[in-house]
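What follows is a single structure, written as structure tokens, with notes after it.
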Amino acid sequence: MSAENMTGLLESKPIRVGVLGFGGLGQAAARVLAPKQQMLWVAAADQKGYAYNSEGLNPDACIAAYQSQGSVGYLDPEGTNSSRSIQDLIEKAVSVEGYFLALPNLPNTFMAEVARQFIASGWRGVLVDALKRTSAMQQILALKNELQAAGITYMTGCGATPGLLTAAAALAAQSYAEIHSVKIEFGVGIANWEAYRATIREDIAHMPGYNVERARAMTDGEVEAILDQTNGILSLENMEHADDIMLELAGICPRDRVTVGGVVDTRNPKKPLSTNVKVTGRTFEGKISTHTFTLGDETSMAANVTGPAFGYLKAGVSLHRRGIYGLFTAAEIMPQFVR
């Protein structure tokens with residue numbers, strides 16, 4: 001099929017998509033999808049239930065059900081309470097062509113376990129995650145052959161970082177004959193940490209003296225105690241971030257030349273610093289230079305994660321409809337803008 005025909009196919013009918021996980025990012029994803037003409041949000045799942053309507057879900061109604069009763073399973077009439085919500089949704093939501101996995105990767109094996117559920121189910125389509133940790137992505141990479149055999153096109157590391165900033169680094173690297181360093185710094189501002197409980201726990205897991213299991217086991221009160229000690233600020237350095245393995249796999253530079261760190265303010269929506277990536281290298285003329293790509297301070301974490309995720313989902317659907325299955329990272333494929 002020609003590129004022109006493929007573009008026409010993508011625009012002729014909306015791509016039916018689902019969102020797994022309905023915390024802060026999942027709810028933001030629902031709002032991002034609402035005005036889109038090229039995608040239709042039809043499915044959602046959280047820990048306690050799922051909702052499905054092949055003609056489209058109402059974001060406000062889903063968010064209200066989740067915030068008031070703790071699950072989209074209480075949405076009437078589309079919701080269903082379930083202790084195995086993901087598996088049940090996969091079986092029921094036959095029209096879904098792609099899912100954004102807006103799931104907390106706690107424990108560190110969780111995303112790979114979800115991927116295995118899709119492989120075992122016989123479902124064929126596109127999966128997109130916004131994984132952070134290198135070790136978690138390595139588990140996804142190990143499933144590459146199984147995903148391909150199952151007819152699944154899996155896009156990994158497709159949030160902000162890894163994701164948008166990794167892709168920017170891959171593009172910026174083209175000016176150079178050799179890459180000396182890739183430095184990613186992010187600033188996140190949120191007014192209330194409870195809206196992003198899982199994300200904040202994942203950030204705490206990167207702090208000295210903490211790990212994924214310890215962060216996962218913390219009560220909300222223990223998280224609040226840490227934030228009280230730091231005045232709501234989390235300063236993170238030399239994080240285990242999958243940008244490194246993604247850029248290494250793309251042939252851009254060894255992973256030890258990639259560093260990621262940032263500052264998260266859990267009490268103020270204003271970013272404590274401007275999110276940016278700096279790519280330093282040597283040109284073919286022997287000049288040393290640095291490219292810097294900076295995100296606008298007005299764009300939220302949710303905008304910078306969910307926007308790219310759905311851009312990569314659209315790119316994944318284009319690949320899947322051409323019979324191209326398997327595993328791809330945000331540093332390998334260009335996202336496609338979703339109108």
Under 3.5 Å, is there a donor-acceptor pair between the [X] and [Y] side chains?
X	Y	answer
Thr109	Gln139	no
Asn304	Thr299	yes
Ser68	Tyr74	no
Asp88	Thr80	no

Find the distance between [atom1] ([X]) and [atom2] ([Y]) and round it off to the nearest 0.5 Å.
X	Y	atom1	atom2	value
Leu234	His206	CG	NE2	11.0 Å
Leu40	Glu97	CG	CD	12.0 Å
Met301	Ile190	CE	CD1	6.0 Å
Met207	Ser235	CE	OG	8.5 Å
Ile152	Leu127	CD1	CG	5.5 Å
Arg255	Glu248	CZ	CD	4.0 Å

Quick check: do [X] and [Y] have side-chain heavy atoms less than 4.5 Å from each other?
X	Y	answer
Thr161	Thr275	no
Asp220	Arg197	yes
Arg201	Arg216	no
Arg133	Glu202	no
Ser289	Tyr176	yes
Ile86	Tyr99	no
Trp193	Asp203	no
Phe293	Leu295	yes

Hey, does the side chain of [X] reach the backbone of [Y] with a donor-acceptor pair shorter than 3.5 angstrom?
X	Y	result
Thr292	Lys278	no
Trp123	Val96	yes
Asp265	Pro272	no
Gln38	Pro14	no
Thr153	Ile324	yes

Next on the checklist: Show, in sequence, the C-alpha distance, side-chain angles and deciding distance for Asp297 and Lys270, and conclude whether the side-chain contact (heavy atoms from CB on, under 4.5 Å) test is met.
Outcome noted: CA-CA 8 Å; Asp297 287 346; Lys270 184 179 179 181; over 6 Å; no
Checklist entry - Who pairs with Tyr154 by ring-ring contact (aromatic ring centres under 6.0 Å, His included), at least two apart in sequence or on another chain? => result none
Checklist entry - Run the side-chain contact (heavy atoms from CB on, under 4.5 Å) check on Arg282 and His180 step by step: do they pass? => result CA-CA 7 Å; Arg282 174 182 54 80; His180 293 167; 3.9 Å; yes
Checklist entry - Taking it one step at a time, do Leu141 and Ile245 satisfy side-chain contact (heavy atoms from CB on, under 4.5 Å)? => result CA-CA 10 Å; Leu141 292 169; Ile245 193 171; 3.6 Å; yes
Work out which heavy atom in [X] is nearest to a heavy atom in [Y]; give both atom names and the distance.
X	Y	answer
Ala150	Ile119	CB-CG2, 4.2 Å
Tyr210	Met218	CE2-SD, 4.1 Å
Leu143	Ala115	CD1-CB, 3.9 Å
Ala44	Leu57	N-CD1, 4.0 Å
Ala315	Pro335	CB-CA, 4.3 Å
Ser54	Val42	O-CG1, 3.6 Å

Checklist entry - Which of these, Leu131, Val260, Leu165, sits in a side-chain contact (heavy atoms from CB on, under 4.5 Å) with His241? => result Val260
Checklist entry - Pick from Val317, Leu313, Thr156, Leu101: which one makes a side-chain contact (heavy atoms from CB on, under 4.5 Å) with Val128? => result Leu313
Item to check | More than 12 heavy atoms from other groups under 6.0 Å of CD on Glu237 | outcome: no
Checklist entry - CD of Glu240: more than 12 outside heavy atoms within 6.0 angstrom? => result yes
Next on the checklist: Testing Thr329, Thr259, Thr166 one by one against Asp243 for a side chain to side chain donor-acceptor pair (under 3.5 Å), which residue passes?
Outcome noted: Thr166
Salt-bridged, [X] to [Y], with N to O below 4.0 Å?
X	Y	result
Arg214	Glu222	no
Arg31	Asp60	yes
Glu146	Arg116	no

With a 4.5 Å cut-off on side-chain heavy-atom distances among I, L, V, M, F, W and Y, is there a chain of contacts connecting [X] to [Y]?
X	Y	answer
Leu164	Ile252	yes
Met155	Leu25	yes
Phe100	Phe118	no
Val277	Met246	no
Leu106	Val114	no

Checklist entry - Does Lys36 make a cation-pi contact with Phe337, if we ask for NZ or CZ under 6.0 Å from the ring centre and within 45° of the axis? => result yes
Item to check | Other cluster members, Ile233 - Ile/Leu/Val/Met/Phe/Trp/Tyr, side-chain contacts below 4.5 Å | outcome: Val263, Leu273
Checklist entry - Please walk me through it: do Arg321 and Ile15 pass side-chain contact (heavy atoms from CB on, under 4.5 Å)? => result CA-CA 11 Å; Arg321 289 180 178 177; Ile15 302 164; 4.0 Å; yes
